[in-house]
Amino acid sequence: MADREGNIDAKDFGLGIPQKNGEGFFLKGNAHAPWGMKDRLSRIFNPKSGHSVMLAFDHGFIMGPTSGLERMDLTIVPLIEYSDCIMCTRGALRSIVPPTCAKPISYRFDVGTSILTDLNDQTLQDIDEAIRLNVSMLACMVAIGDPVHEGRTVANMSKTVDMGNRYGIPTLGVTAVGKNLVRDARYLGLASRICAENGANVIKTYFCEEKFEQVTNACPVPIVIAGGKKLEEKAALDMAWRAIDQGASGVDMGRNIFQSDSPVGMILAVRAIVHDGASVEQAYEMYQTYKSENQK
Ligand code: 5RP
């Protein structure tokens, strides 16, 4: 049996050494993926920067009409053009996202319980629906450490990978929110690695203040960070900068964009960090300038 304590003491993360066996494709851990999958990943991640700014607005599937998402037609649609990829549910896609937006879709593929009951009791949709909607990635949550739902959600993700592989659609393993989520490198590293080991092509997890580079280094596929709760804009930009600096391949950010007092200014500033190597100061100035020039 594998040593339960082994991961606690893990220390040889090869910091600064790029992952090997990635020749021929820009995205970590996906060099051996088939053509269709590489094509979809190259629409989500910019092959020049190797990074992506995904706009997440799937929150309603567990939270209902949370702040900023009451009227997605008014608040989200104007932001879509500034994103590289949108992360949402089928309900949002069908009802408010213009099919003409031509953005790759990271599709909320698992469905389940809400914040009013017990999170993470999930099941999967039909792959036919994802194909009909022409999605570019299947997103599935994995609740590591949840004594009730861990096994089921890992099985869900494994099935998602199998279905995605059948049709050349990559899987986004999402380390779940819930009472078992601990924002430290040990938990996030464990959860991310389990998603990758079970076949996810990309992982979405949270940033942690200490040793985040261990999370990215110990994960053989790209990591994008969720933004989490709304922070002051400069703090959110600082988090994005540190995540990229420590090996993240992008952000899959929601509330820190759509709950900002200048959502367009904020997504432009995040883009500058993720794609152009802007400093936090430069990005913050960009946000402030956009905000002051576009005040109602
Ligand atoms: C929940 C999700 C959300 O898309 C995610 O939390 C991103 O949004 P935010 O930046 O607001 O945290 O995957 O499981």
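For ligands, and for the atoms within them, numbers begin at 1 and follow the listed sequence. For clarity, every value in this text was computed on a predicted model and none was experimentally measured.
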For ligand 1, is there an N or O atom under 3.5 Å from any N or O atom of [X]?
X	value
Phe61	no
Gly254	yes
Met253	no

Enumerated ligand 1 atoms positioned under 4.0 Å from heavy atoms of [X]:
X	result
Arg255	9 (P), 10 (O), 11 (O), 12 (O)
Gly228	9 (P), 10 (O), 11 (O), 12 (O)
Met141	14 (O)

Nearest non-hydrogen protein atom, atom 8 (O) of ligand 1: His59 NE2, 2.9 Å
Atom 7 (C) of ligand 1 [closest protein heavy-atom partner, distance rounded to 0.1 Å]: Lys204 NZ, 3.2 Å
Region of Lys229 engaging ligand 1 - heavy atom pairs below 4.0 Å: neither
Ligand 1 versus Asp252: contacting region, heavy-atom distance under 4.0 Å: backbone
Smallest separation among heavy atoms of Ile244 and Ile273, with atom names: CG1-CG2, 4.4 Å
Is [X] close enough to touch ligand 1? Criterion: a residue heavy atom under 4.0 Å from a ligand atom.
X	value
Arg108	yes
Tyr206	yes
Asp58	yes

Donor-acceptor contact present, side-chain [X] to main-chain [Y], <3.5 Å:
X	Y	value
Gln125	Val111	no
Gln246	Glu213	yes
Asp276	Ala278	no

pair Thr153-Asp146: side-chain heavy atoms closer than 4.5 Å: no
Does [X], at its [atom1] atom, have more than 12 non-hydrogen atoms belonging to other residues, nucleotides or ligands within less than 6.0 Å?
X	atom1	answer
Glu70	CD	yes
Glu210	CD	no
Lys230	NZ	yes

Distance-only polar pair, side chains of Asp261 and Tyr287, donor-acceptor under 3.5 Å: yes
